[in-house]
Every structure is written in C-alpha cells, then in structure tokens.
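Notes follow the structure.
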There are 2 protein chains.
Amino acid sequence: MATIKDVASAAGVSISTVSYALSGKRAIAESTRRRIEDAVRELDYRPNAGARMLAGRRTYILAVTEPLRPDTYTPAHMAFVLAVATAARRYDYDVLLLTQEEADAGLRRVTSSRLVDGVIVLDVLRDDERADLVRSLDLPAVLIGVPDNTDGLVCVDLDFEAAARLAVDRLADAGHLTVGLLGHPASVYERGSNFPPRFRDAFLEHAAHRGLEARFATGEHDPAQVRAAVTTLLGPDGDLTGLVMHGEEQTQREALTYVAERGLTVPGDLSVISAGSTFDTSTFDPPLDVIPLVPGASSERAVELAIAQLSEPVEPRVELLAPTYVDHGSVTPR
Amino acid sequence: MATIKDVASAAGVSISTVSYALSGKRAIAESTRRRIEDAVRELDYRPNAGARMLAGRRTYILAVTEPLRPDTYTPAHMAFVLAVATAARRYDYDVLLLTQEEADAGLRRVTSSRLVDGVIVLDVLRDDERADLVRSLDLPAVLIGVPDNTDGLVCVDLDFEAAARLAVDRLADAGHLTVGLLGHPASVYERGSNFPPRFRDAFLEHAAHRGLEARFATGEHDPAQVRAAVTTLLGPDGDLTGLVMHGEEQTQREALTYVAERGLTVPGDLSVISAGSTFDTSTFDPPLDVIPLVPGASSERAVELAIAQLSEPVEPRVELLAPTYVDHGSVTPR
DNA sequence: CTGAAAGCGCTTACAG
DNA sequence: CTGAAAGCGCTTACAG
C-alpha cells in the first residue's frame, strides 16, 4: 500500500507538501499540485486512516446510535440511518453504527477512545438516557428528534406539531367536521417515543381549536385490529369524513383496503391524509395526499450541525423543519 | 484524556508493560497487573483508537455493506445489520456502515485506507458486483448469502433449500397433496436477490419429487394483491390444504386474516408453515409453525470467519446452516 | 518478568 | 511557495 512518502518521492516533493496539497490547507504551485495529483492517482494512494486520526484532530467518523428497540418501525428508522450515512459521506465522513446494547457504554467507548468526531442520536425517547450522556460528553452531538428536556442539546426534526395542524387545517378548510387519526401501535406511544405523541396531541388540540370532533385510534400490526380501529374511527353512525394516518405503511394500506371493502370511496366519502410518512403514498390505491417525513432533510442538517461543532461552538437549539403538503387528490370538500 | 503514559506512571511501570498487560500478549506479574488495572480504572483510560490502528495491525472495525435497495424487506435486512454489529462487539469490533452509493467505491476506500480489518457483505445478489470486488480485495470478507458464483468466496447462510424441503416434507408427511408457496414481492425475485429463488426452486422441485401438486404466488405490499394471491393459491376448487409462506410479516398476517375471512380455519382446513422468517410467528392468530431465519446465527459465524482470517488463512467455502422446525400447531394431518 | 526504543504514517507549527 | 522535523499514542521486536 502506497504511503505519503511514496507519493512525495514520486512527485519530487516533501511529504508535508503532499499533505498540504491534499488537504488544501495552504497554497501550492499549480505545477506541483499537478505532479502530486498524478502521483496519487498512479499509486492509488489513500491516506492511512489510523495515521490521519492520530496526527490530525479528526477521525472522519461519526457515531450513529439507533437502539432499534422491539416494536420500532424499522423501515423508517433504517431510512434515517441510511440518510445519515449518506449525508455524512458528503462531508467525507463515515458512520459507525452503535446498537441497543451499546447505547450507553458504546457512546462512552467510541468517545473516549477518540474513534469518532461526533454523534448522531436517532430514535429519541421523550426521556432518553442518551440525552444525559450526550450532555456530559463534550463532543459534537445532534439528536434527530426532540426529548422532553432539551436543555443544552442540539435537536433537529420535522415539526410534527405543525404537520398535525396542517393536516387538521386542510380537512377543516374543506368543511369536514369529524376527523380521525389512525396512529402507530400503542406500544410505540407507551415506550416513550417522542414524535408520535407530539403529532397526536397537536392533532387533537388543533382539531378542538378548529371546532372539530376528533378521534384517535392506534394502528396495530394485526390486520384485524387495524380494521377494528378504522371501524371505531368511522363511528357507529359513520359520520367520519376526514381521516389522517400517521403510522406504518402496511397499516395505512390495510386501512385503505378495508375502507374500500366497506364500500366507502376516497375521497368521495372519506378524505384521507397520510402524515409523517417516509414511504411513497402516490402508489397507494388511491394515491394519498401526504405530509412527508423526509429522512434526508433532518439528517443532512443534523450532520451539518455536528460537523460544524468541530470548528465553532454551536448554540443549543431545537430546529424544527417546516412540513410540506403534497397533493394527490385524496382530500375534497365535504 | 488519559494516555498510556499516564497509566504507566500511575502504576510505576513502563508503557510497554501497560500495553502488554492490557493485550495479554505476555506474562505480567500479578501485583503489576493489579496496579495497572487500578490505574486504568482510576484514570478511565481507553486506548486511543487512531494510535492503536497505526501501531498495531488491527483497526477493530468491520465494514458492513448493506445496499438497502428499494424494495428490500428492510426489517429483515436491518435485523442482519444489527446482528452483525452485535456479533462484532463480542470480538471487541465496531461496525462501519457502507450504503448503496458506497457499495463499490466505499469498499475500496475503507480497505485501502486501512480503516477496517474486514468486510461483511449483506443482501447478496445472485450476480453481485461486490463479490468480484471482494475477490480482488485481499482482505478478510464474508458474504451472508450465496451468489451464483462462489469461487474464492467465504459464504454463510441459512440452508434455504433444506428449509424448503423441510417445509414440503412436513406437509407431505401429514398427507397433504396440494401445497402452495406465498413468496416475496415479484420485484425481489426480479432484482436478483439470492435466497428467495433458492427457496422457491427447492420448494417446487421437492414438492414434485414428493408427488405433490405445487403452486407459487408472489406476495405484494398491497393487501388487495395479497388476497388475490391467496385466492389463486387456494385454487378454483379450493383444493389447497398446505400453505408455506416465505416473505414479509405483514403479507403473512394479511394472508391469515384473509383465510379466516374466507371461513377457513388453520390448521383445520389449511395447514400453514412460515419459513425463513425473522419475526415472531407465535403471536400470530393463529400461531404459525416456523422454520426461522435467525440473523444472529449467520452473523456470528460470518464475523467469526472474518476475524479468523486475520490470523490464519480460511479456505473459500459455502457454509449452510441447517434449518430447524418450531412447532406451534399450525400443521395437522389432512 | 520488565524496560528502552523504534516505528507505524500522518498533520502541523516552525523556518525560510 | 516549500521543507525538515516534532509529535500524535500506541505496539512490538530487541535486550536483559
């Protein structure tokens, strides 16, 4: 494997010149730079990661902690892990995956061994032990999600409250009087996940504020239970005309299938909005209006903030990204 | 942050003694070891990762490449990523996640920069570019999955062919004459994923061998399509009495719900086996017999083989783990 | 059983 | 615009 020494002698310069040419940290004569670049290419030189970590002040690795608890909605969570990895690569960073067992000890380990430059915390609970840990770590850290206590933390997330209000407003503005929310499985709310209750509470509150009757039901994995939940939401008199779904893809598909079986058309009899969804609702039958949760958006900002902290202090903050509404024709006036 | 020097002076020994005491690579007097351990604990010393990588011959990092293509069944794939990470930790290894964009360039990068000691390849296609790359890499690599061409590769996987035969045998032995397989979405077979066709082909072949009539249908994400697939499998005369499902959890739940709606009881009218499943079928309604796919099993063996290659050559091989059958009462004699 | 020292391959002041 | 050299914090022969 070629080292910086090989490149230096091939290019006829010192190793410090090679280093500076590659890092761009000082001006290099055009001809010198070209010779170095040629040598790098020819020798297929890549800086030794360990040496870089030891000599420099960066490891170019970010830790991602994603506990993946039982009952987490893994497709969405995985989408975030991926989005973080992808965003990190834009900054020439790699991503080290810390799992459940390692949530606490692992963070300590990779931090104090200087394996990583910063930490991205995923799947944040309302009361998350990793929040305390991160506060004490004195290492760049960004949470994707908002715990109850955000003191001293840098958090990025979709504005789920605004998303819920947006969904309610759409239905209210279309004249719907009775609206329902089909959510995540009950266990997700119980284990303290941060955003499902944020969405639910804002939904119920804003519906009341707009003078609507609002209902809520959890969306379990069992199709039969999904059907029961939809039945409950529709009401004994079937007076529900606006449905918001914030939960898993298969739950939403099941609900649509069941609604169709009941002989209800969307949006004729029932206007439907999918909210906080990471999947593509335009291929649903029928396609659903959606307030998407874009993993790339929060992830990119989170990575950006984590890396920014390496060079400059970043004030603790909660950055909530504004929701957008994508119309696919599943909402009509009552 | 404490360094090995701090530990050495606190314990009154040289840094080499500290290093050897921690690595266990040479005998250390009991009293010396104790003093060193005390110092380590007191100073909360953890070896600097970069220094360790540079000076030693190991980085204690394994790369995991998991493309997570569209249409991959992410819960199962994520389970493997997690299982690899967990297994790696047993060997004091961390896991670096390489994604889609990085499949090829990323492997090259982390390899030639000596960031990782080895590679675990997940979500293997029948014709996977990463297989060729790995062959040329001269770095410990293990595939979880079996591509068409396994020359020079170390592969570990569940024996999906044996699993299919096991499922067929159970049904045949119970006297069932017409059996069906509800599989993954068609796109999974088309994109060249390695194990779904392995299972399907062995299923059809062994069913023929046992003199059974066998049917196959794909399990799409749309519940209505799942229902249509089950309808097809049941046959116009409803002569199907044995059903094997190898696919996504929600598809299997949907199929069960639909079967119940059709007024069929399991196992009374229909014996059902879930195969190659990473989820818990004992909570299904009714609980299903299962030939489980245990991510931990293949992952542990894969990690073990990857790390073994660091100290001794490992012959290319395909290690197929024997399937097991877990009875939950969903198969009865016809 | 233990120590002094070379060396891993970089980055970055220090000098010119 | 470029170079010589210190130093990052370990591991591991080499010595005794």
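The shown structure was predicted, so the numbers you read here are calculated from the model rather than taken from an experiment. Note on naming: letters A, B, ... go to the chains in the order of the sequence lines (proteins, then strands), and numbering restarts at 1 for each one.
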Is any side-chain N or O of A/Tyr20 closer than 4.0 Å to OP1 or OP2 of C/dC10?
no

Residue-phosphate contact under 4.0 Å: A/Ser14 side-chain N/O, D/dT2 OP1/OP2:
no

Considering residues, nucleotides and ligands other than B/Glu42, do more than 12 of their heavy atoms fall under 6.0 Å from its CD?
no

Closest-nucleotide mapping onto DNA chain D: is A/Arg35 or A/Ile15 further toward the 5' terminus? I mean the 5' end.
A/Arg35

Which comes earlier along DNA chain C counting from the 5' end, the contact point of B/Val13 or that of A/Ala51, where each point is its nearest nucleotide?
B/Val13

Do B/Gln309 and B/Leu139 come close enough that some side-chain heavy atom pair is under 4.5 Å?
no

Complementary nucleotide for D/dA15 - Watson-Crick or wobble, under 3.5 Å
C/dT2

Base, sugar-phosphate alone, or nothing: which one does A/Thr3 contact when heavy atoms must sit under 4.0 Å apart?
sugar-phosphate

Can you confirm whether B/Asp38 is buried at CG, in the sense that more than 12 heavy atoms of other residues, nucleotides or ligands lie under 6.0 Å from that atom?
yes

Among residues 21-31 of chain A, which contact DNA chain C at a heavy-atom distance under 4.0 Å?
A/Lys25, A/Arg26

Only pairs at least two apart or in different chains count here, so list each salt bridge (Lys or Arg N to Asp or Glu O under 4.0 Å) that has a residue in residues 141-154 of chain B.
B/Arg126-B/Asp148

CZ (B/Arg114) with more than 12 external heavy atoms under 6.0 Å:
no

Whether A/Thr17 contacts D/dT2 is assessed here as follows: a side-chain N or O lying under 4.0 Å from the phosphate OP1 or OP2. Is that the case?
no

Return the 5'-most residue of the pair A/Ser16, A/Gly50 with respect to DNA chain C, ranking by each residue's nearest nucleotide.
A/Gly50

Would you indicate whether the side-chain heavy atoms of B/Asp92 and B/Arg89 approach each other to under 4.5 Å?
yes

